[in-house]
4 protein chains.
Amino acid sequence: MEKSPPIAAPRRTRDPETKRAALLDAALHLFTEDGYENVSIADIAKRAGIAVGTVYRFYENKLTLLRAMLESLEDEFVVQMQSDWSQGGDYSARLDRVCLGLFTLSEKRKPLLRLMSMTTDIVYADGSLPGDRIQAQIRLMYGDGLRDGAFLKGDIPLMASMAHGLVEGAMMGWMRNPGLSAANAAGQLASVMKSGFVKNQRS
Amino acid sequence: MEKSPPIAAPRRTRDPETKRAALLDAALHLFTEDGYENVSIADIAKRAGIAVGTVYRFYENKLTLLRAMLESLEDEFVVQMQSDWSQGGDYSARLDRVCLGLFTLSEKRKPLLRLMSMTTDIVYADGSLPGDRIQAQIRLMYGDGLRDGAFLKGDIPLMASMAHGLVEGAMMGWMRNPGLSAANAAGQLASVMKSGFVKNQRS
Amino acid sequence: MEKSPPIAAPRRTRDPETKRAALLDAALHLFTEDGYENVSIADIAKRAGIAVGTVYRFYENKLTLLRAMLESLEDEFVVQMQSDWSQGGDYSARLDRVCLGLFTLSEKRKPLLRLMSMTTDIVYADGSLPGDRIQAQIRLMYGDGLRDGAFLKGDIPLMASMAHGLVEGAMMGWMRNPGLSAANAAGQLASVMKSGFVKNQRS
Amino acid sequence: MEKSPPIAAPRRTRDPETKRAALLDAALHLFTEDGYENVSIADIAKRAGIAVGTVYRFYENKLTLLRAMLESLEDEFVVQMQSDWSQGGDYSARLDRVCLGLFTLSEKRKPLLRLMSMTTDIVYADGSLPGDRIQAQIRLMYGDGLRDGAFLKGDIPLMASMAHGLVEGAMMGWMRNPGLSAANAAGQLASVMKSGFVKNQRS
DNA sequence: AATGAATGAGAGTTCATTCAT
DNA sequence: GATGAATGAACTCTCATTCAT
């Protein structure tokens with residue numbers, strides 16, 4: 001009935017960034033294994049070795065935590081794609097590079113990637129969805145190719161969405177097949193991308 | 001003083017299939033609008049005009065209800081694809097037909113399609129995921145084309161996954177763009193499918 | 001991690017109004033003993049012999065429960081005062097009657113009265129406070145007396161507020177003194193009311 | 001390039017009493033605006049410009065802080081009343097003086113007064129309630145008047161409680177009516193006090 | 001078969017208090 | 001002395017599921 005005074009005995013054990021990393025790692029594993037909705041903050045805190053309240057020092061609520069994870073991954077992908085795309089060469093070479101970069105990064109971020117593919121309905125604060133920034137980047141790339149007359153014509157948003165779907169499909173297929181190397185998957189993706197979207201490519 | 005007209009007896013009870021339809025319709029609207037986790041059984045029952053307990057006569061729990069909805073949609077897609085694919089003609093014609101069939105059905109089932117895209121992490125009873133049966137069908141089709149030497153070679157599961165992603169991407173793009181007709185989207189999808197996966201297709 | 005299915009085994013034991021009464025009784029005792037903020041819904045439910053969720057069938061939240069209790073008490077007081085005041089006689093007789101009615105009701109509702117005196121800062125939905133309706137009734141009575149030239153003049157809201165305070169003070173004093181009968185307290189209150197607010201009353 | 005003026009050294013630390021004053025001021029504003037239970041120690045510390053832990057150097061817990069505030073106000077009132085009451089004159093004059101003193105002080109301490117009226121259920125360490133010391137002082141005054149045969153007879157604790165209620169009612173009425181001057185309210189209170197409690201006063 | 005009141009585990013979140021720095 | 005990150009118990013409220021009617 002009466003609020004009993006907390007017995008708490010906190011210890012300053014680790015520095016904040018170590019804690020944040022443990023928190024993100026715990027959340028990543030649990031979300032991926034059990035699904036966002038089936039994981040409680042208490043579960044995450046326990047796995048991260050911190051107190052429930054400490055989670056809220058880092059992220060204001062559960063959804064913010066998820067978004068932060070997905071956004072950081074998207075950022076990495078977008079940065080990688082921009083870098084690979086802008087390094088010159090013909091469109092064939094650029095697509096090869098981008099696809100390889102995508103899979104190289106995917107390999108490093110496999111669990112996060114899996115999480116992203118599981119939470120497509122988590123709407124961001126601005127109304128966007130996970131994947132939208134990647135798709136926007138694809139749209140830019142497609143626009144470049146169109147301007148040069150190197151790409152097949154089509155409705156830009158639709159073409160970008162298809163290209164994005166193709167990439168996601170490739171990643172899903174690769175993730176489900178442990179025997180397939182990232183380089184191999186990247187090669188096949190690039191091959192389909194080129195024959196599907198680039199002019200004067202023979203199959 | 002006014003005699004109530006004895007013309008039509010109020011149908012207090014409806015037959016079970018009418019109820020089931022009302023239930024599915026209610027669930028579809030609510031899940032799509034608010035997301036699976038944010039809709040309660042009580043919400044669904046109220047919208048369907050039945051009692052909470054009655055929901056459990058039809059589906060043993062909430063997840064089973066969702067799965068039934070998604071599975072029925074997948075079934076429809078698979079049946080449609082099988083039918084369109086098996087009607088003969090060269091691979092180009094068959095792909096045209098399949099893509100058109102896909103979008104024609106999508107137009108009819110738009111809300112369900114949206115629901116499916118929102119709930120990718122809902123695992124089915126057999127461990128499969130929504131979309132898996134569609135992908136399996138695509139794999140069969142790709143196998144056909146490979147056997148005839150008409151399709152570009154590649155790792156079968158990966159190619160099927162990419163093709164599946166391409167289809168999903170096309171559908172997502174089409175759903176987000178209300179000005180795009182189903183036939184137009186189907187045409188662009190077919191075009192990319194052919195240049196991306198079929199031999200001797202010029203871009 | 002996974003939401004474990006409820007084991008629940010509900011029993012329809014008592015009729016709803018019996019339950020509501022048990023709920024109100026439990027809330028009354030606990031709020032009075034420990035203070036509104038120090039009592040949890042779980043405490044109330046346990047004492048009432050019902051489940052936590054059942055509390056929310058009756059009242060949409062904790063504050064609504066409290067307000068319902070206080071409002072019903074206020075209503076009783078207002079009705080009682082209206083009745084006693086409107087029965088005629090000179091102002092002296094009417095005040096005697098009202099004061100006696102007030103204390104007779106107070107005797108019946110002692111715990112609720114105590115609760116009301118403890119929760120003066122609980123704002124109602126319309127921005128009013130507990131006691132405001134009683135005070136409004138007092139204002140009406142004072143207005144009657146003023147119109148007849150029987151009451152001492154003064155700023156109406158202030159005079160009503162003072163009269164209200166006087167009543168509350170009398171009740172608090174009476175509640176703290178178990179040896180004082182309601183009739184006796186009523187008499188002393190009436191006496192002070194008359195000499196304090198009515199013209200031509202000798203002390 | 002711009003040299004920061006070395007004229008005034010920034011006072012990084014303030015003396016304890018300045019801090020205590022800031023703390024009390026912050027608490028007063030926040031408690032009054034949002035209610036005791038809705039204000040956190042962190043809120044108070046932030047507004048006072050001190051650290052959370054520092055709050056605990058001054059008051060051992062949140063309730064102690066509240067009590068200290070209310071007790072200091074009560075002390076002020078009691079001292080004021082004692083002073084005004086003991087300065088001689090007949091009872092009419094003494095009551096006039098006390099009432100004026102009460103309202104003069106109330107004007108200075110309006111926020112604290114409001115806080116006191118909001119937290120009637122906060123029990124003090126010795127089991128007393130806010131207002132009890134004021135009431136005890138009133139009892140002393142009433143006892144004086146009784147001894148001299150100047151006051152109307154009655155049960156002492158009850159009469160004191162009624163007088164206290166009258167005072168509180170006057171203050172509440174005055175606080176809710178911004179157009180009413182303290183002197184005017186004091187006059188009306190004194191008038192009712194005299195006709196209500198003092199012998200040979202005509203109404 | 002249909003109903004919906006009842007259940008209670010469990011969720012996300014808050015915050016008074018502590019104590020290593 | 002001052003700080004504020006860390007703690008975790010406790011809170012209100014939800015809702016999938018059950019079963020007496």
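Residue numbers start from 1 in every chain, and the chains themselves are labelled A, B, ... in the order their sequence lines are given, proteins ahead of strands. If you're wondering where the values come from, they're calculated on a predicted model, not measured in any experiment.
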Problem set entry | Rounded distance [0.5 Å steps], CG in B:L115 versus CG in B:L73 |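 CG of B:L73 is found 8.5 Å from CG of B:L115.
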Problem set entry | Pairing string, 5' to 3', for DNA chain E - Watson-Crick or wobble contacts under 3.5 Å, brackets [ ] where pairs cross, | to another strand | .||||||||||||||||||||
Tell me the interatomic distance from [X], atom [atom1], to [N], atom [atom2], rounded to whole angstroms.
X     : N      : atom1 : atom2 : value
A:D15 : E:dT21 : CG    : P     : 13 Å
A:R20 : F:dA6  : CZ    : P     : 11 Å
B:E37 : F:dA16 : CD    : P     : 9 Å
C:D43 : F:dC13 : CG    : P     : 14 Å
D:I44 : E:dC15 : CD1   : C1'   : 12 Å
B:I50 : E:dA1  : CD1   : P     : 14 Å
D:L30 : E:dC15 : CG    : P     : 13 Å
A:K19 : E:dA20 : NZ    : C1'   : 11 Å

Problem set entry | Flag, side chain of A:T54 to backbone of A:I50, donor-acceptor distance under 3.5 Å | no
For this session: Could you identify which residues of residues 56-67 of chain A place a heavy atom less than 4.0 Å from some atom of DNA chain E, listed by residue number, or say none?
Result: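 Close to the strand are A:Y56, A:N61, A:K62.
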Seminar exercise, completed: A:A51 has its side chain closest, among E:dG12, F:dT7, F:dT18, to F:dT7
Problem set entry | Selected nucleotide, minimal atom distance to C:T54 side chain, candidates E:dA6, F:dA9, E:dG4 |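 Nearest to the side-chain atoms of C:T54, counting from C-beta on, is E:dA6.
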Exercise. Which heavy-atom pair separates C:L23 from C:F58 by the least distance, and what is that distance?
Worked result: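 Looks like CD2-CB, 3.8 Å.
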Exercise. Taking all non-hydrogen atoms of both residues, which atom of A:T32 and which atom of A:R114 are closest, and how far apart?
Worked result: CG2-CD, 3.3 Å
Does [X] have any salt bridge (Lys or Arg N to Asp or Glu O under 4.0 Å) partners at least two apart in sequence or in another chain, and if so, which?
X     : answer
A:E60 : none
B:E33 : none
C:D25 : none

For this session: Report which part of the nucleic acid B:S40 touches: base, sugar-phosphate, or nothing (heavy-atom distance under 4.0 Å, all strands).
Result: sugar-phosphate
For this session: Would you indicate what D:V39 reaches in the nucleic acid, counting non-hydrogen atoms under 4.0 angstrom: base, sugar-phosphate, or nothing?
Result: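 Sugar-phosphate: the residue D:V39, judged by heavy atoms under 4.0 Å, touches backbone atoms but no base.
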Problem set entry | Closest-nucleotide 5' rank along DNA chain F - winner of A:V52 and B:N38 | A:V52
For this session: For D:P16 and for B:Y36, locate the closest nucleotide of DNA chain F by heavy-atom distance; then report the residue assigned to the nucleotide nearer the 5' terminus.
Result: D:P16
Pair up each side-chain donor or acceptor in residues 122-133 of chain D with any protein partner under 3.5 Å, not counting sequence neighbours, and list the distances.
from, atom 1, to, atom 2, distance (Å)
D:Y124, OH, D:E74, OE1, 3.4
D:D126, OD1, D:S128, N, 3.0
D:D126, OD1, D:S128, OG, 2.6
D:D132, OD1, C:R176, NH1, 3.3
D:D132, OD1, C:R176, NH2, 3.2
D:D132, OD2, C:R176, NH2, 3.3
D:D132, OD2, D:L129, N, 2.9
D:R133, NH2, D:D75, OD1, 2.5

Exercise. Honestly, is B:K62 close enough over B:Y36, meaning NZ or CZ under 6.0 Å from the six-membered ring centre and within 45° of the axis?
Worked result: yes
